[in-house]
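Numbers restart at 1 for each chain; the letters A, B, ... are given by sequence-line order, proteins then strands.
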There are 2 protein chains.
Amino acid sequence: MIFSKSCVYGLRAMIYLASISREGYVSIKGLSEKLDISFHFLTKILQELTGADLLESMKGPKGGVRLTKSGRCITLKEVVEAIDGPAIFTECVLGLPGCGSEKPCPMHDMWEGTRDEINEIFTTTSLQDMSKEGKAKDLRITPDGKFVWG
Amino acid sequence: MIFSKSCVYGLRAMIYLASISREGYVSIKGLSEKLDISFHFLTKILQELTGADLLESMKGPKGGVRLTKSGRCITLKEVVEAIDGPAIFTECVLGLPGCGSEKPCPMHDMWEGTRDEINEIFTTTSLQDMSKEGKAKDLRITPDGKFVWG
DNA sequence: TATATTTAAGATAAAATTGTCTTAAAACTT
DNA sequence: AAGTTTTAAGACAATTTTATCTTAAATATA
Ligand code: FES
Ligand code: FES
């Protein structure tokens with residue numbers, strides 16, 4: 001898998017949250033059931049996103065999480081970086097430290113372009129793009145296709 | 001990291017082995033020291049590559065590993081698949097089962113092209129390409145740059 | 001105020017990956 | 001034939017990732 005499980009769970013949740021027009025908080029419990037992700041595990045991931053100021057949370061009844069003002073217009077890259085860190089967009093494909101800075105590795109030339117393209121596509125695609133796409137075309141964000149958009 | 005550590009170690013070793021013109025077997029001990037990889041761990045990885053018929057091995061003094069006849073002209077993809085499996089070249093970026101076959105995920109359209117490009121670049125780049133490149137330009141395949149090409 | 005609901009935080013556990021160690025089997029050397 | 005070198009195989013251990021469970025803190029509602 002190119003991204004960790006935490007990261008893809010986070011992406012799925014964020015895409016769903018971005019598809020919701022309502023202002024209120026969404027309970028993590030409900031979210032976890034809708035997306036078919038373990039509640040406690042999802043909670044931890046969303047806490048990271050809250051720490052990164054992409055989500056804000058509130059406790060108690062009517063509590064939950066929602067996108068922050070800045071979180072409402074972010075790129076997929078920001079979500080990935082908040083969870084998996086920036087390595088995938090910067091790292092040497094052979095795992096050597098400091099890609100490009102010193103002597104590069106033999107795969108550097110063939111890889112750099114592709115990596116730049118990954119970077120490009122994740123910086124130019126917004127969460128909104130994905131949620132609109134998903135909602136408009138009724139696409140799938142759970143393993144079984146039982147999820148239904150807003 | 002896009003590839004597992006096992007995979008990256010395997011790639012480094014295979015690139016080095018492909019740079020060697022001599023016919024004989026290369027001892028894993030020597031290889032592990034040259035590449036600065038744990039001997040026992042590297043041994044296991046190379047056993048997988050032997051099982052995949054990319055390497056052949058011989059025991060005893062003068063023993064070691066070397067590229068098989070078919071292993072001498074393979075692509076990087078074959079090495080990656082032998083260790084990490086084909087997932088990276090086929091899988092849904094959101095980790096959903098059966099990318100594209102059923103309803104795709106919202107990221108499918110933006111991702112498929114890039115994934116195809118990764119596939120393309122790894123199927124069209126041979127081990128030979130990388131070893132020639134590395135040897136000709138004295139590139140780096142160890143964390144410190146102390147490695148010297150045959 | 002008391003109670004129920006919900007996230008926060010951290011302990012614990014399970015699973016996967018990474019790394020080490022030991023013993024066996026094969027091949028060479030003397 | 002005996003001893004040495006080297007890979008094969010598998011047990012074992014450490015680390016990281018993934019997942020679960022418990023308790024605390026905050027918020028709403030009655
Ligand atoms: S140095 Fe390896 S990809 Fe840049
Ligand atoms: S279905 Fe997700 S990338 Fe194809």
Atom CZ of A:Arg66 and atom P of C:dT7 are separated, to the nearest Å, by 13 Å

Expected list for residues 17-41 of chain A near DNA chain D, using heavy atoms below 4.0 Å, is A:Ser38, A:His40, A:Phe41

Open item on the list: So, OP1 or OP2 of D:dT18: does either fall under 4.0 Å of a side-chain N or O from A:Tyr9?
Closed with: no

Separation of C:dA16 atom C1' from A:Met1 atom CE, nearest Å, is 12 Å

Per side-chain contact (heavy atoms from CB on, under 4.5 Å), B:Leu46 is matched among B:Ile28, B:Leu54, B:Val26 by B:Ile28

| message | Under 4.0 Å between a side-chain nitrogen and a carboxylate oxygen: does that hold for A:Glu48 and A:Lys44? | response | no

Distance-only, no hydrogens or angles: does the A:Arg66 side chain make a donor-acceptor pair with backbone N or O of A:Glu23 under 3.5 Å? yes

Between A:Gly60 and B:Leu42, whichever has its closest DNA chain C nucleotide further toward 5' is A:Gly60

Interatomic distance, OH@B:Tyr9 vs CG@A:Leu94, rounded to 0.5 Å, equals 11.5 Å

Checking the side chain of A:Asp116 only, and the main-chain atoms of A:Gly113 only, is there a donor and an acceptor separated by less than 3.5 Å? no

Residue pair A:Lys44/B:Lys44 against DNA chain D: nearer the 5' end by closest nucleotide is B:Lys44

A:Lys5 atom NZ is separated from C:dT17 atom P, nearest whole Å, by 11 Å

Whole-Å distance, B:Lys59 NZ to D:dT6 C1', equals 9 Å

N/O (side chain, B:Ser6) to phosphate O (OP1/OP2, C:dT18) under 4.0 Å: yes

The answer to which of B:Thr43 and A:Lys62 contacts DNA chain D further toward the 5' end, by nearest nucleotide, is B:Thr43

From the candidates C:dA9, D:dT27, D:dA9, the one with an atom nearest any side-chain atom of A:Gln47 is C:dA9

ask   = When you check the phosphate oxygens OP1 and OP2 of C:dA8, does a side-chain N or O of A:Ser57 lie under 4.0 Å from one of them?
value = yes

Testing D:dA8, D:dT18, D:dT27 for proximity to the side chain of A:Ser4, the answer is D:dT18

The residue among B:Lys77, B:Glu133, B:Met130 that forms side-chain contact (heavy atoms from CB on, under 4.5 Å) with B:Thr125 is B:Met130

B:Met58 atom CE is separated from D:dT7 atom C1', nearest whole Å, by 10 Å

Between CD1 of A:Ile45 and C1' of C:dA8 the distance, given in whole Å, is 15 Å

From CG of A:Asp84 across to C1' of D:dT18 the rounded distance in Å is 13 Å

Check your understanding: Quick one: are the ring centres of A:Phe122 and A:Phe3 less than 6.0 Å apart?
Key -> yes

